[in-house]
Amino acid sequence: MSQRGGRLKAAFFRAIKRGSITDAWARYAEARTANLADKYMTSALITSSAQQGKANLVQRLWKSARDGRLDATQLDARMCSDFIRAFGKLGDRQATMAVLESARRGGLANAQVYNTFLTTNRSVDTVAAVSAVEDVLQQMRSDRVSPDAFTNAIAIGIFGDAGRLDAAQAILDDALPWARDTVAHNALLRAAARAVDVQLALDTLQRMEEHGPPPDLISYNHMLLAIAKSRELTSQPPAVDSVAAAQAVRERLRARGMEEDSATLTHLLQIFGDSPLAEELIEEYAKVRPALSLPYQDPTTADPTAVDATMLDTPLLDPALPSVAVSSASGVGLETIDLRGLTSASASLALSKELSRLVDRAAERQQSPAMMVMSDWQIVTGRARPDGSGGGRFRDPPATLQATLRFLLANRINVKRDLRTSGQIIVSAKELDRVVRRAVSTRVTQTVVRGTVLKIGVVLSALAAFTLAPRLLALR
(Lines give C-alpha, C1' and ligand atoms only; values in the text may rest on other atoms or scores of the structure.)
Protein backbone atom coordinates (compact mmCIF):
# COMPACT_ATOMS: atom_id res chain seq x y z
CA MET A 1 0.00 0.00 0.00
CA SER A 2 1.24 3.49 -0.93
CA GLN A 3 1.86 6.16 1.66
CA ARG A 4 -1.10 8.10 0.30
CA GLY A 5 -3.36 5.07 0.66
CA GLY A 6 -2.21 4.56 4.25
CA ARG A 7 -2.87 8.20 5.11
CA LEU A 8 -6.35 8.11 3.52
CA LYS A 9 -7.37 4.97 5.43
CA ALA A 10 -5.97 6.29 8.70
CA ALA A 11 -7.87 9.58 8.22
CA PHE A 12 -11.04 7.66 7.32
CA PHE A 13 -11.00 5.44 10.41
CA ARG A 14 -10.17 8.41 12.66
CA ALA A 15 -13.30 10.13 11.34
CA ILE A 16 -15.33 6.97 11.95
CA LYS A 17 -14.00 6.70 15.50
CA ARG A 18 -14.94 10.27 16.43
CA GLY A 19 -18.36 9.94 14.73
CA SER A 20 -17.75 12.55 12.00
CA ILE A 21 -19.78 10.95 9.22
CA THR A 22 -19.30 13.88 6.83
CA ASP A 23 -15.52 13.72 7.11
CA ALA A 24 -15.60 9.92 6.81
CA TRP A 25 -17.63 10.14 3.60
CA ALA A 26 -15.19 12.67 2.16
CA ARG A 27 -12.21 10.43 2.91
CA TYR A 28 -14.11 7.41 1.53
CA ALA A 29 -14.95 9.22 -1.74
CA GLU A 30 -11.32 10.24 -2.11
CA ALA A 31 -10.18 6.66 -1.54
CA ARG A 32 -12.66 5.32 -4.12
CA THR A 33 -11.48 7.82 -6.71
CA ALA A 34 -7.96 6.60 -6.18
CA ASN A 35 -9.11 2.93 -6.20
CA LEU A 36 -7.94 2.57 -2.60
CA ALA A 37 -11.27 1.86 -0.85
CA ASP A 38 -11.70 -1.69 0.38
CA LYS A 39 -14.53 -3.74 1.85
CA TYR A 40 -13.50 -2.96 5.41
CA MET A 41 -13.91 0.77 4.80
CA THR A 42 -17.27 0.16 3.12
CA SER A 43 -18.46 -2.03 6.00
CA ALA A 44 -17.41 0.58 8.59
CA LEU A 45 -19.19 3.32 6.63
CA ILE A 46 -22.41 1.27 6.38
CA THR A 47 -22.45 0.62 10.14
CA SER A 48 -21.57 4.19 11.14
CA SER A 49 -24.17 5.72 8.79
CA ALA A 50 -26.89 3.46 10.21
CA GLN A 51 -25.91 4.23 13.80
CA GLN A 52 -26.35 7.95 13.10
CA GLY A 53 -29.69 7.40 11.34
CA LYS A 54 -28.41 8.40 7.89
CA ALA A 55 -30.82 6.25 5.87
CA ASN A 56 -30.11 8.12 2.62
CA LEU A 57 -26.38 7.40 2.90
CA VAL A 58 -26.97 3.68 3.51
CA GLN A 59 -29.31 3.60 0.51
CA ARG A 60 -26.63 5.26 -1.66
CA LEU A 61 -24.09 2.65 -0.64
CA TRP A 62 -26.54 -0.18 -1.26
CA LYS A 63 -27.47 1.07 -4.73
CA SER A 64 -23.79 1.35 -5.64
CA ALA A 65 -23.13 -2.19 -4.40
CA ARG A 66 -26.27 -3.61 -6.05
CA ASP A 67 -25.57 -1.94 -9.40
CA GLY A 68 -21.92 -3.00 -9.37
CA ARG A 69 -20.48 0.49 -9.04
CA LEU A 70 -18.39 -0.65 -6.09
CA ASP A 71 -15.41 -2.91 -6.52
CA ALA A 72 -16.82 -6.29 -7.55
CA THR A 73 -14.80 -8.07 -4.87
CA GLN A 74 -16.45 -6.04 -2.10
CA LEU A 75 -20.03 -7.32 -2.25
CA ASP A 76 -19.86 -10.60 -0.38
CA ALA A 77 -21.92 -12.42 2.23
CA ARG A 78 -20.46 -10.37 5.04
CA MET A 79 -21.33 -7.07 3.36
CA CYS A 80 -24.85 -8.30 2.63
CA SER A 81 -25.15 -9.01 6.35
CA ASP A 82 -23.92 -5.49 7.09
CA PHE A 83 -26.58 -3.98 4.83
CA ILE A 84 -29.34 -6.13 6.36
CA ARG A 85 -28.24 -5.14 9.85
CA ALA A 86 -28.07 -1.45 8.89
CA PHE A 87 -31.52 -1.36 7.28
CA GLY A 88 -32.90 -3.27 10.26
CA LYS A 89 -31.51 -0.63 12.62
CA LEU A 90 -33.14 2.05 10.47
CA GLY A 91 -36.47 0.20 10.63
CA ASP A 92 -36.65 -0.46 6.89
CA ARG A 93 -37.85 -4.06 6.77
CA GLN A 94 -38.56 -3.94 3.03
CA ALA A 95 -34.93 -3.03 2.38
CA THR A 96 -33.71 -5.98 4.48
CA MET A 97 -35.85 -8.29 2.35
CA ALA A 98 -34.47 -6.71 -0.84
CA VAL A 99 -30.89 -7.27 0.29
CA LEU A 100 -31.62 -10.91 1.16
CA GLU A 101 -33.25 -11.51 -2.21
CA SER A 102 -30.31 -9.89 -3.99
CA ALA A 103 -27.90 -12.07 -2.00
CA ARG A 104 -29.85 -15.18 -2.99
CA ARG A 105 -29.76 -14.26 -6.69
CA GLY A 106 -26.03 -13.66 -6.47
CA GLY A 107 -25.35 -16.91 -4.62
CA LEU A 108 -24.16 -15.01 -1.54
CA ALA A 109 -26.89 -16.11 0.88
CA ASN A 110 -25.15 -18.36 3.37
CA ALA A 111 -26.18 -19.19 6.96
CA GLN A 112 -24.62 -15.96 8.22
CA VAL A 113 -26.79 -13.83 5.91
CA TYR A 114 -29.95 -15.73 6.85
CA ASN A 115 -29.13 -15.49 10.57
CA THR A 116 -28.63 -11.73 10.31
CA PHE A 117 -31.99 -11.39 8.57
CA LEU A 118 -33.75 -13.45 11.25
CA THR A 119 -32.08 -11.54 14.09
CA THR A 120 -33.00 -8.20 12.53
CA ASN A 121 -36.64 -9.16 11.98
CA ARG A 122 -37.08 -10.71 15.40
CA SER A 123 -37.76 -7.25 16.83
CA VAL A 124 -40.86 -6.74 14.66
CA ASP A 125 -44.31 -7.91 15.73
CA THR A 126 -44.75 -11.60 16.52
CA VAL A 127 -46.85 -12.47 13.46
CA ALA A 128 -44.33 -10.88 11.07
CA ALA A 129 -41.42 -12.57 12.86
CA VAL A 130 -43.06 -16.01 12.60
CA SER A 131 -43.80 -15.42 8.91
CA ALA A 132 -40.17 -14.37 8.35
CA VAL A 133 -38.71 -17.46 10.01
CA GLU A 134 -41.03 -19.78 8.09
CA ASP A 135 -40.04 -18.11 4.80
CA VAL A 136 -36.34 -18.19 5.65
CA LEU A 137 -36.36 -21.88 6.56
CA GLN A 138 -38.11 -22.67 3.29
CA GLN A 139 -35.61 -20.52 1.33
CA MET A 140 -32.66 -22.20 3.05
CA ARG A 141 -33.99 -25.61 2.05
CA SER A 142 -34.46 -24.34 -1.50
CA ASP A 143 -30.93 -22.89 -1.60
CA ARG A 144 -29.51 -26.02 0.05
CA VAL A 145 -28.11 -23.99 2.94
CA SER A 146 -28.05 -25.99 6.16
CA PRO A 147 -29.31 -24.12 9.25
CA ASP A 148 -26.60 -23.91 11.88
CA ALA A 149 -27.03 -23.91 15.66
CA PHE A 150 -27.54 -20.14 15.70
CA THR A 151 -30.28 -20.39 13.05
CA ASN A 152 -32.06 -23.02 15.11
CA ALA A 153 -31.74 -21.00 18.33
CA ILE A 154 -33.25 -17.91 16.66
CA ALA A 155 -36.07 -19.89 15.05
CA ILE A 156 -36.90 -21.67 18.31
CA GLY A 157 -36.93 -18.35 20.14
CA ILE A 158 -39.29 -16.75 17.61
CA PHE A 159 -41.68 -19.72 17.64
CA GLY A 160 -41.48 -19.79 21.42
CA ASP A 161 -42.37 -16.09 21.72
CA ALA A 162 -45.41 -16.79 19.56
CA GLY A 163 -46.47 -19.74 21.75
CA ARG A 164 -45.74 -22.24 18.95
CA LEU A 165 -44.00 -24.81 21.12
CA ASP A 166 -44.74 -27.64 18.69
CA ALA A 167 -42.92 -25.81 15.90
CA ALA A 168 -40.07 -24.85 18.25
CA GLN A 169 -39.61 -28.47 19.33
CA ALA A 170 -39.77 -29.68 15.72
CA ILE A 171 -36.88 -27.34 14.82
CA LEU A 172 -34.68 -28.99 17.43
CA ASP A 173 -35.80 -32.52 16.58
CA ASP A 174 -35.09 -32.05 12.85
CA ALA A 175 -31.75 -30.27 13.30
CA LEU A 176 -28.52 -31.94 12.28
CA PRO A 177 -26.48 -33.25 15.23
CA TRP A 178 -23.81 -30.54 14.87
CA ALA A 179 -26.55 -27.85 14.88
CA ARG A 180 -28.12 -28.95 18.19
CA ASP A 181 -25.91 -27.24 20.74
CA THR A 182 -26.57 -26.04 24.28
CA VAL A 183 -27.71 -22.61 23.08
CA ALA A 184 -30.39 -24.13 20.85
CA HIS A 185 -31.63 -26.36 23.68
CA ASN A 186 -31.64 -23.38 26.04
CA ALA A 187 -33.84 -21.53 23.55
CA LEU A 188 -36.38 -24.35 23.81
CA LEU A 189 -36.10 -24.35 27.61
CA ARG A 190 -36.73 -20.60 27.64
CA ALA A 191 -39.75 -21.03 25.37
CA ALA A 192 -41.12 -23.76 27.64
CA ALA A 193 -40.64 -21.53 30.68
CA ARG A 194 -42.44 -18.60 29.05
CA ALA A 195 -45.32 -20.89 28.09
CA VAL A 196 -45.29 -22.53 31.56
CA ASP A 197 -44.85 -25.98 30.00
CA VAL A 198 -43.02 -27.61 32.90
CA GLN A 199 -43.12 -31.09 31.39
CA LEU A 200 -41.46 -29.96 28.16
CA ALA A 201 -38.78 -28.19 30.16
CA LEU A 202 -38.18 -31.30 32.29
CA ASP A 203 -37.99 -33.57 29.23
CA THR A 204 -35.59 -31.21 27.42
CA LEU A 205 -33.28 -30.90 30.42
CA GLN A 206 -33.28 -34.66 30.99
CA ARG A 207 -32.41 -35.26 27.33
CA MET A 208 -29.49 -32.84 27.63
CA GLU A 209 -28.23 -34.58 30.76
CA GLU A 210 -28.50 -38.06 29.28
CA HIS A 211 -27.62 -37.58 25.61
CA GLY A 212 -26.06 -34.10 25.33
CA PRO A 213 -25.24 -31.42 24.67
CA PRO A 214 -24.36 -30.81 28.33
CA PRO A 215 -26.59 -28.29 30.11
CA ASP A 216 -25.13 -25.13 31.61
CA LEU A 217 -26.34 -22.90 34.45
CA ILE A 218 -28.67 -21.07 32.06
CA SER A 219 -30.36 -24.41 31.30
CA TYR A 220 -31.08 -25.05 34.97
CA ASN A 221 -32.19 -21.46 35.57
CA HIS A 222 -34.71 -21.74 32.72
CA MET A 223 -35.98 -24.96 34.30
CA LEU A 224 -36.42 -23.23 37.66
CA LEU A 225 -38.19 -20.32 35.95
CA ALA A 226 -40.68 -22.74 34.40
CA ILE A 227 -41.40 -24.20 37.85
CA ALA A 228 -41.68 -20.73 39.40
CA LYS A 229 -44.16 -19.54 36.76
CA SER A 230 -46.25 -22.71 37.18
CA ARG A 231 -46.91 -21.69 40.81
CA GLU A 232 -48.61 -18.53 39.56
CA LEU A 233 -51.28 -20.49 37.68
CA THR A 234 -54.36 -20.70 39.86
CA SER A 235 -56.73 -21.93 37.13
CA GLN A 236 -55.27 -25.43 36.99
CA PRO A 237 -53.47 -27.84 39.33
CA PRO A 238 -49.66 -27.78 39.17
CA ALA A 239 -48.03 -30.29 36.83
CA VAL A 240 -45.41 -31.20 39.44
CA ASP A 241 -44.65 -30.65 43.10
CA SER A 242 -42.88 -27.34 42.55
CA VAL A 243 -40.85 -27.35 45.78
CA ALA A 244 -39.66 -30.94 45.34
CA ALA A 245 -38.90 -30.36 41.65
CA ALA A 246 -36.91 -27.20 42.45
CA GLN A 247 -34.87 -28.98 45.10
CA ALA A 248 -34.15 -31.82 42.65
CA VAL A 249 -33.00 -29.35 39.98
CA ARG A 250 -30.79 -27.65 42.55
CA GLU A 251 -29.16 -30.98 43.45
CA ARG A 252 -28.58 -31.81 39.78
CA LEU A 253 -26.83 -28.55 38.97
CA ARG A 254 -24.68 -28.88 42.09
CA ALA A 255 -23.77 -32.43 41.11
CA ARG A 256 -22.33 -30.98 37.89
CA GLY A 257 -20.11 -28.65 39.88
CA MET A 258 -21.99 -25.46 38.98
CA GLU A 259 -22.29 -22.43 41.25
CA GLU A 260 -25.69 -20.83 41.64
CA ASP A 261 -26.08 -17.18 40.70
CA SER A 262 -28.57 -14.40 41.42
CA ALA A 263 -31.03 -15.72 38.84
CA THR A 264 -31.00 -19.13 40.55
CA LEU A 265 -31.69 -17.51 43.91
CA THR A 266 -34.49 -15.38 42.48
CA HIS A 267 -36.31 -18.37 40.98
CA LEU A 268 -35.89 -20.47 44.12
CA LEU A 269 -37.33 -17.67 46.26
CA GLN A 270 -40.29 -17.38 43.90
CA ILE A 271 -40.90 -21.12 44.25
CA PHE A 272 -40.43 -21.31 48.03
CA GLY A 273 -42.57 -18.21 48.65
CA ASP A 274 -42.89 -17.12 52.27
CA SER A 275 -42.11 -20.60 53.60
CA PRO A 276 -39.29 -21.42 56.03
CA LEU A 277 -37.37 -22.82 53.04
CA ALA A 278 -37.08 -19.30 51.61
CA GLU A 279 -35.77 -17.93 54.89
CA GLU A 280 -33.26 -20.77 55.15
CA LEU A 281 -32.17 -20.06 51.57
CA ILE A 282 -31.52 -16.39 52.30
CA GLU A 283 -29.57 -17.25 55.45
CA GLU A 284 -27.55 -19.86 53.53
CA TYR A 285 -26.58 -17.36 50.85
CA ALA A 286 -25.75 -14.72 53.45
CA LYS A 287 -23.31 -17.10 55.17
CA VAL A 288 -21.83 -19.05 52.28
CA ARG A 289 -22.09 -16.56 49.41
CA PRO A 290 -21.94 -13.07 50.97
CA ALA A 291 -20.65 -11.53 47.76
CA LEU A 292 -23.66 -12.67 45.71
CA SER A 293 -25.82 -9.78 44.55
CA LEU A 294 -29.39 -9.44 45.69
CA PRO A 295 -31.99 -11.38 43.69
CA TYR A 296 -33.67 -9.21 41.10
CA GLN A 297 -37.24 -9.37 39.95
CA ASP A 298 -37.59 -11.24 36.67
CA PRO A 299 -39.32 -8.85 34.22
CA THR A 300 -41.20 -11.76 32.66
CA THR A 301 -42.90 -12.51 35.97
CA ALA A 302 -43.49 -8.97 37.23
CA ASP A 303 -47.06 -8.24 38.27
CA PRO A 304 -48.33 -5.22 36.26
CA THR A 305 -51.41 -4.76 38.45
CA ALA A 306 -51.80 -1.20 39.68
CA VAL A 307 -51.82 -0.58 43.43
CA ASP A 308 -54.66 1.46 44.88
CA ALA A 309 -53.61 4.40 47.04
CA THR A 310 -56.68 3.91 49.27
CA MET A 311 -54.80 1.04 50.92
CA LEU A 312 -52.91 3.76 52.80
CA ASP A 313 -54.28 6.27 55.29
CA THR A 314 -52.41 9.36 54.11
CA PRO A 315 -52.51 11.26 50.81
CA LEU A 316 -49.61 11.09 48.41
CA LEU A 317 -46.66 13.34 49.11
CA ASP A 318 -43.62 13.95 46.98
CA PRO A 319 -41.00 15.87 48.98
CA ALA A 320 -37.38 14.79 49.03
CA LEU A 321 -36.68 12.75 52.13
CA PRO A 322 -33.82 14.11 54.25
CA SER A 323 -30.89 11.72 54.44
CA VAL A 324 -30.18 12.22 58.15
CA ALA A 325 -29.89 9.23 60.43
CA VAL A 326 -31.48 10.81 63.52
CA SER A 327 -33.94 13.66 63.93
CA SER A 328 -32.55 15.94 66.64
CA ALA A 329 -35.95 17.54 67.18
CA SER A 330 -37.75 14.41 68.32
CA GLY A 331 -34.85 12.14 69.17
CA VAL A 332 -36.37 9.46 66.93
CA GLY A 333 -33.97 7.66 64.63
CA LEU A 334 -34.47 6.55 61.05
CA GLU A 335 -33.94 2.89 60.15
CA THR A 336 -33.64 2.21 56.43
CA ILE A 337 -34.93 -1.07 54.99
CA ASP A 338 -33.71 -1.20 51.40
CA LEU A 339 -35.82 -3.61 49.35
CA ARG A 340 -34.82 -2.41 45.89
CA GLY A 341 -34.37 -5.23 43.42
CA LEU A 342 -35.70 -7.96 45.72
CA THR A 343 -38.43 -10.35 44.68
CA SER A 344 -41.85 -10.17 46.34
CA ALA A 345 -41.07 -13.22 48.48
CA SER A 346 -37.74 -11.95 49.74
CA ALA A 347 -39.16 -8.44 50.37
CA SER A 348 -41.95 -9.92 52.52
CA LEU A 349 -39.42 -12.04 54.40
CA ALA A 350 -37.18 -9.04 55.04
CA LEU A 351 -40.07 -7.00 56.48
CA SER A 352 -41.28 -9.95 58.57
CA LYS A 353 -37.81 -10.47 60.05
CA GLU A 354 -37.50 -6.76 60.91
CA LEU A 355 -40.87 -6.75 62.64
CA SER A 356 -40.09 -9.99 64.50
CA ARG A 357 -36.81 -8.50 65.67
CA LEU A 358 -38.64 -5.49 67.12
CA VAL A 359 -41.17 -7.74 68.85
CA ASP A 360 -38.46 -10.00 70.33
CA ARG A 361 -36.53 -6.99 71.63
CA ALA A 362 -39.66 -5.45 73.14
CA ALA A 363 -40.71 -8.73 74.78
CA GLU A 364 -37.50 -8.66 76.84
CA ARG A 365 -38.56 -5.38 78.50
CA GLN A 366 -42.34 -5.55 78.26
CA GLN A 367 -42.86 -3.88 81.62
CA SER A 368 -41.20 -0.67 80.41
CA PRO A 369 -43.66 2.25 80.18
CA ALA A 370 -41.39 4.03 77.65
CA MET A 371 -41.61 3.54 73.89
CA MET A 372 -40.34 0.15 72.80
CA VAL A 373 -39.48 1.37 69.28
CA MET A 374 -37.24 4.40 68.84
CA SER A 375 -36.80 4.59 65.05
CA ASP A 376 -39.03 5.32 62.07
CA TRP A 377 -38.96 2.85 59.21
CA GLN A 378 -37.80 4.19 55.86
CA ILE A 379 -38.80 1.42 53.45
CA VAL A 380 -37.05 1.93 50.11
CA THR A 381 -38.99 0.11 47.38
CA GLY A 382 -38.00 1.79 44.13
CA ARG A 383 -39.93 4.43 42.24
CA ALA A 384 -43.52 4.00 41.10
CA ARG A 385 -44.89 6.14 38.28
CA PRO A 386 -48.44 7.59 38.49
CA ASP A 387 -50.63 6.46 35.60
CA GLY A 388 -51.74 10.03 34.89
CA SER A 389 -55.39 9.50 35.81
CA GLY A 390 -55.13 11.53 39.01
CA GLY A 391 -56.85 8.76 40.93
CA GLY A 392 -53.86 7.73 43.01
CA ARG A 393 -53.08 4.69 40.90
CA PHE A 394 -49.67 3.67 39.59
CA ARG A 395 -48.37 2.14 36.39
CA ASP A 396 -46.14 -0.96 36.62
CA PRO A 397 -45.23 -0.57 40.32
CA PRO A 398 -42.15 -2.46 41.52
CA ALA A 399 -42.79 -5.86 43.03
CA THR A 400 -41.21 -4.60 46.26
CA LEU A 401 -43.83 -1.85 46.53
CA GLN A 402 -46.70 -4.29 46.16
CA ALA A 403 -45.14 -6.67 48.69
CA THR A 404 -44.67 -3.78 51.15
CA LEU A 405 -48.29 -2.62 50.82
CA ARG A 406 -49.58 -6.16 51.31
CA PHE A 407 -47.38 -6.62 54.39
CA LEU A 408 -48.48 -3.32 55.95
CA LEU A 409 -52.15 -4.05 55.27
CA ALA A 410 -51.94 -7.60 56.66
CA ASN A 411 -50.30 -6.35 59.87
CA ARG A 412 -52.63 -3.30 60.19
CA ILE A 413 -49.73 -0.86 60.08
CA ASN A 414 -50.59 2.72 59.16
CA VAL A 415 -48.27 4.88 57.08
CA LYS A 416 -46.74 8.15 58.18
CA ARG A 417 -45.61 9.42 54.78
CA ASP A 418 -46.33 7.91 51.40
CA LEU A 419 -43.46 8.80 49.05
CA ARG A 420 -44.07 6.23 46.34
CA THR A 421 -43.12 8.58 43.52
CA SER A 422 -39.67 8.88 45.09
CA GLY A 423 -39.56 5.17 45.93
CA GLN A 424 -40.06 5.30 49.72
CA ILE A 425 -42.68 4.62 52.39
CA ILE A 426 -42.25 5.94 55.95
CA VAL A 427 -43.75 4.28 59.05
CA SER A 428 -43.45 6.25 62.29
CA ALA A 429 -41.80 4.89 65.41
CA LYS A 430 -45.03 5.62 67.30
CA GLU A 431 -47.03 3.45 64.91
CA LEU A 432 -44.46 0.66 65.08
CA ASP A 433 -44.52 0.90 68.89
CA ARG A 434 -48.31 0.42 68.84
CA VAL A 435 -48.03 -2.62 66.56
CA VAL A 436 -45.18 -4.12 68.58
CA ARG A 437 -47.03 -3.69 71.89
CA ARG A 438 -50.04 -5.38 70.39
CA ALA A 439 -47.88 -8.29 69.20
CA VAL A 440 -46.17 -8.59 72.60
CA SER A 441 -49.53 -8.55 74.37
CA THR A 442 -50.84 -11.25 72.05
CA ARG A 443 -47.75 -13.34 72.66
CA VAL A 444 -48.12 -13.00 76.45
CA THR A 445 -51.80 -13.91 76.24
CA GLN A 446 -51.04 -16.97 74.19
CA THR A 447 -48.36 -18.01 76.68
CA VAL A 448 -50.78 -17.62 79.59
CA VAL A 449 -53.48 -19.55 77.74
CA ARG A 450 -51.08 -22.37 76.93
CA GLY A 451 -49.93 -22.47 80.56
CA THR A 452 -53.50 -22.47 81.83
CA VAL A 453 -54.48 -25.25 79.44
CA LEU A 454 -51.48 -27.26 80.58
CA LYS A 455 -52.41 -26.79 84.26
CA ILE A 456 -56.02 -27.74 83.61
CA GLY A 457 -54.82 -30.83 81.77
CA VAL A 458 -52.65 -31.82 84.72
CA VAL A 459 -55.53 -31.31 87.20
CA LEU A 460 -57.95 -33.30 85.04
CA SER A 461 -55.43 -36.11 84.73
CA ALA A 462 -55.01 -36.19 88.52
CA LEU A 463 -58.78 -36.27 89.07
CA ALA A 464 -59.14 -39.03 86.54
CA ALA A 465 -56.47 -41.06 88.30
CA PHE A 466 -58.08 -40.39 91.70
CA THR A 467 -61.52 -41.61 90.55
CA LEU A 468 -60.15 -44.54 88.59
CA ALA A 469 -58.04 -46.03 91.41
CA PRO A 470 -60.99 -47.31 93.59
CA ARG A 471 -62.52 -48.99 90.55
CA LEU A 472 -59.30 -50.79 89.74
CA LEU A 473 -59.00 -51.94 93.37
CA ALA A 474 -62.58 -53.19 93.28
CA LEU A 475 -61.82 -55.27 90.23
CA ARG A 476 -59.13 -57.11 92.16
Side-chain angles (χ1 to χ4, degrees), residues 1 5 8-9 11-13 15-16 19-125 128-129 131-148 150-151 154-155:
M1 182 188 297
L8 275 176
K9 288 190 176 183
F12 170 81
F13 283 109
I16 289 289
S20 178
I21 196 69
T22 303
D23 192 18
W25 265 87
R27 302 287 80 76
Y28 180 75
E30 189 177 352
R32 280 189 60 189
T33 302
N35 292 322
L36 296 172
D38 59 21
K39 61 183 179 182
Y40 301 106
M41 294 176 68
T42 305
S43 178
L45 194 58
I46 294 168
T47 303
S48 183
S49 299
Q51 288 174 343
Q52 297 193 28
K54 306 294 185 181
N56 58 326
L57 300 183
V58 179
Q59 282 286 359
R60 281 176 56 187
L61 281 170
W62 168 240
K63 288 179 181 178
S64 296
R66 182 192 61 191
D67 298 339
R69 295 197 298 271
L70 295 178
D71 185 350
T73 62
Q74 290 185 348
L75 188 58
D76 55 10
R78 176 177 175 177
M79 188 170 292
C80 288
S81 297
D82 291 335
F83 276 118
I84 291 173
R85 195 177 296 110
F87 284 126
K89 187 173 184 62
L90 294 167
D92 192 344
R93 185 166 181 265
Q94 292 298 321
T96 65
M97 297 172 67
V99 175
L100 177 62
E101 186 58 34
S102 180
R104 293 185 67 203
R105 288 197 303 267
L108 302 174
N110 59 12
Q112 177 191 6
V113 175
Y114 280 114
N115 291 347
T116 303
F117 180 80
L118 285 177
T119 304
T120 301
N121 285 275
R122 185 172 184 174
S123 59
V124 301
D125 64 274
S131 176
V133 74
E134 290 175 336
D135 291 343
V136 162
L137 292 176
Q138 178 61 39
Q139 291 168 0
M140 293 181 78
R141 285 192 290 269
S142 176
D143 295 344
R144 296 186 177 181
V145 177
S146 299
D148 59 16
F150 190 51
T151 312
I154 300 171

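Numbering starts at 1 and runs along the sequence shown. All values below come from the heavy atoms of this structure, side chains included, with hydrogens, waters and symmetry mates left out.
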When you compare the side chain of D148 with that of T151, does any pair of heavy atoms fall below 4.5 Å? yes

Here the pair of heavy atoms bringing L36 nearest to K9 is O-CE, 3.4 Å

M79 vs D76, test: side-chain contact (heavy atoms from CB on, under 4.5 Å). Steps then yes/no. CA-CA 5 Å; M79 188 170 292; D76 55 10; 3.5 Å; yes

Rounded to the nearest 0.5 Å, how far does CG of D92 lie from CD1 of I84? 12.0 Å

To the closest 0.5 Å, what do you measure between CD1 (I46) and CD (Q51)? 12.0 Å

Are any side-chain N or O atoms of S48 and backbone N or O atoms of L45, one a donor and one an acceptor, separated by less than 3.5 Å? no

Working to the nearest 0.5 angstrom, can you tell me the gap between Q139 CD and L137 CG? 9.5 Å

Minimum heavy-atom distance between M41 and A31, given as atom pair plus value: CE-CB, 3.8 Å

With heavy-atom distances below 4.5 Å as the criterion, would you say the side chains of Q52 and L57 are in contact? no

Please check if the side chain of S81 supplies one atom and the backbone of A77 the other of a donor-acceptor pair under 3.5 Å. yes

side-chain contact (heavy atoms from CB on, under 4.5 Å) between W25 and K54, intermediate numbers included: CA-CA 12 Å; W25 265 87; K54 306 294 185 181; over 6 Å; no

Which is it for T119 and I154 under the side-chain contact (heavy atoms from CB on, under 4.5 Å) test, yes or no, and what are the steps along the way? CA-CA 7 Å; T119 304; I154 300 171; 3.3 Å; yes

So, the side chain of D135 versus the backbone of Q138: is there a donor-acceptor pair under 3.5 Å, distance only? no

Heavy-atom closest pair, residues L108 and V113: O-CG2, 3.6 Å

I'd like to know if the side chain of T96 reaches the main chain of R93, judged simply by a donor and an acceptor atom lying under 3.5 Å from each other, with no hydrogens or angles considered. yes

Heavy-atom pair of closest approach, residues L90 and G53: CD2-CA, 3.7 Å

Distance, nearest 0.5 Å, that separates CZ of F83 from CD of Q59: 9.5 Å

Is the backbone N or O of D38 less than 3.5 Å from a side-chain atom of T42, with the two atoms forming a donor-acceptor pair by type? yes

Name of the residue among V99, T116, N110 meeting side chain to side chain contact (heavy atoms under 4.5 Å, CB included) with C80: V99

Hey, can you tell me if F87 and W62 have their rings parallel, tilted or perpendicular (30° and 60° cut-offs)? perpendicular

Pairwise side-chain contact, F150 with L118, heavy-atom cut-off 4.5 Å (strictly under): no

When rounded to the nearest 0.5 angstrom, what is the spacing between CZ in R27 and OG in S20? 9.0 Å

Where is the tightest heavy-atom contact between A50 and K89, given as atom of each residue plus distance? O-CD, 4.0 Å

Please answer whether the main-chain N or O of L8 pairs with a side-chain N or O of E30 as donor and acceptor at a distance below 3.5 Å. no

Using the test side chain to side chain donor-acceptor pair (under 3.5 Å), find all partners of R104 that sit at least two apart in sequence or belong to another chain. Y114, D143

Grab the two heavy atoms, one from V145 and one from A109, that are nearest each other, plus how far apart they are. CG2-O, 3.5 Å

